There are 2 protein chains.
Amino acid sequence: MEYSRTPYQQSAALLRALSHPVRLSLLNVLCEEEQCVCHLTALVGKRQAYISQQLAELRRVGVVTMRKEGLRVYYRVTDARVRVILKSLETPRGAQRPAHGCECPKCADKGG
Amino acid sequence: MEYSRTPYQQSAALLRALSHPVRLSLLNVLCEEEQCVCHLTALVGKRQAYISQQLAELRRVGVVTMRKEGLRVYYRVTDARVRVILKSLETPRGAQRPAHGCECPKCADKGG
DNA sequence: AAAGTATATTCAAGAAATGGAATATTCAAG
DNA sequence: CTTGAATATTCCATTTCTTGAATATACTTT
């Protein structure tokens, strides 16, 4: 698992953790404010064990943190990027400016 | 595969397409401006067929579009969310305000 | 139409994610 | 220390992702 050469490895791992319907809905709630597991379980409408699994996944990449208080466990978002990303998902798609010619390194800068 | 109830399904698919080191590096280049496949291949340093595979994946979720011009094929980003997300990945993590009590629907709003 | 170039697609095997079931852990109360 | 409640973890079968290899397609030139 020698997976840490490109700077994209870590970003990819973050995005992968987010790229799941249930985890997204969890984060969406958590982005507002800290919540306990029972709340999250009720909101998402899945088994508690399953919710815990998904929360563990989110912890694994460090986007949420848990805090115990008696029997309850409270989760909250600890990575600001999550909010930006979740918010951007609501954004309309939008397009981009057209094109221009090609200046491949393969074509122009070919001196290996 | 009856997977289209939550609005998160589609967002998750988008994020999943992005959550890959090679695809991220492709998008990073494409976010600047349109590029041809040979350019992308040279930049990323992988086999051409492989790059095409990843570009196809990105096309599948609609974040890039291809345009033919002779033998060359030019790709460009067509989903504004991609830029926001990629940019946010460079952002420092940042933390969040503390906590408060719990008001589970399970606890308070229990009238099922 | 044959040959060459740039790019796309298909196939398959190994790796990883998914989600259910059972079970373990932790804390509070008695 | 036993019981019960809230949450976490482990195990496993199934599905999905990954990526190399081979091959196909599309366009240009001759």
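Below, chains carry the letters A, B, ... as their sequence lines are ordered, and counting in each starts from 1. Just the heavy atoms: all of them, side chains too, but no hydrogens, waters or symmetry mates, feed the values below. Everything numeric here is computed off the predicted structure, so don't read it as measured data.
- Across the interface with DNA chain C, nearest-nucleotide mapping of B:Ser52 and A:Arg23 shows B:Ser52 to be the residue nearer the 5′ end.
- Counting non-hydrogen atoms under 4.0 angstrom, B:Lys68 reaches the backbone sugars and phosphates but no base.
- Rounded to an integer number of Å, the gap from B:His20 NE2 to C:dA16 C1' is 12 Å.
- A straight line from CZ of B:Arg72 to C1' of C:dG4 spans 14 Å, rounded to a whole angstrom.
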Practice problem: Take A:Tyr75 and A:Glu34, measure what side chain to side chain contact (heavy atoms under 4.5 Å, CB included) needs, and give me the verdict at the end. | Solution: CA-CA 6 Å; A:Tyr75 280 81; A:Glu34 188 186 59; over 6 Å; no
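- A:His39 places its NE2 atom 16 Å from the C1' atom of D:dT7, with the value rounded to the nearest Å.
- When atom types are taken as modelled, the side chain of B:Ser11 and the backbone of B:Tyr8 share no donor-acceptor pair closer than 3.5 angstrom.
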Exercise. Would you sort out whether A:Val63 and A:Thr78 count as a side chain to side chain contact (heavy atoms under 4.5 Å, CB included), showing the intermediate values?
Key: CA-CA 5 Å; A:Val63 295; A:Thr78 50; 5.6 Å; no
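- Atom P of nucleotide D:dT10 and atom CD of A:Gln53 are separated by 11 Å, given to the nearest angstrom.
- At the phosphate of C:dA22, neither OP1 nor OP2 sits under 4.0 Å from any side-chain N or O atom of A:Arg47.
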Quiz item: Where does DNA chain C pair, written as one dot-bracket string 5' to 3', with Watson-Crick or G-U pairs under 3.5 Å, ( ) inside the strand, [ ] for crossing pairs and | for another strand?
Solution: ||||||||||||||||||||||||||||||
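- Straight-line distance from the OH atom of A:Tyr50 to the P atom of C:dA22: 18 Å, rounded to whole Å.
- For the pair A:Ser52 (side chain) and A:Ala49 (backbone), a donor-acceptor distance under 3.5 Å is absent.
- Mapped onto DNA chain C by nearest heavy atom, B:Tyr75 and A:Ser19 fall at different nucleotides, with B:Tyr75 at the one closer to the 5' end.
- Atom pair A:Ile51:CD1 and C:dG20:C1' shows a separation of 13 Å (rounding to whole Å applied).
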Quiz prompt | Test side chain to side chain contact (heavy atoms under 4.5 Å, CB included) applied to A:Leu89 and B:Leu15, step by step | solution = CA-CA 9 Å; A:Leu89 290 173; B:Leu15 290 179; 4.0 Å; yes
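- The interatomic distance linking A:Gln48 (CD) with C:dT23 (P) rounds to 16 Å, in whole Å.
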Quiz item: Going through the distances and angles, do A:Glu90 and B:Arg81 end up as a salt bridge (charged side-chain N to carboxylate O under 4.0 Å, His left out)?
Solution: CA-CA 9 Å; A:Glu90 304 165 2; B:Arg81 295 173 296 177; over 6 Å; no
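- Rounding to whole angstrom units, CD of residue B:Glu57 and P of D:dT16 are separated by 13 Å.
- The pair B:Glu57-B:Arg59 does not meet the salt-bridge criterion, since no charged nitrogen lies less than 4.0 angstrom from a carboxylate oxygen.
- With D:dT7, C:dT26, D:dT9 as the candidates, the nucleotide lying closest to the side chain of A:Cys38 is D:dT7.
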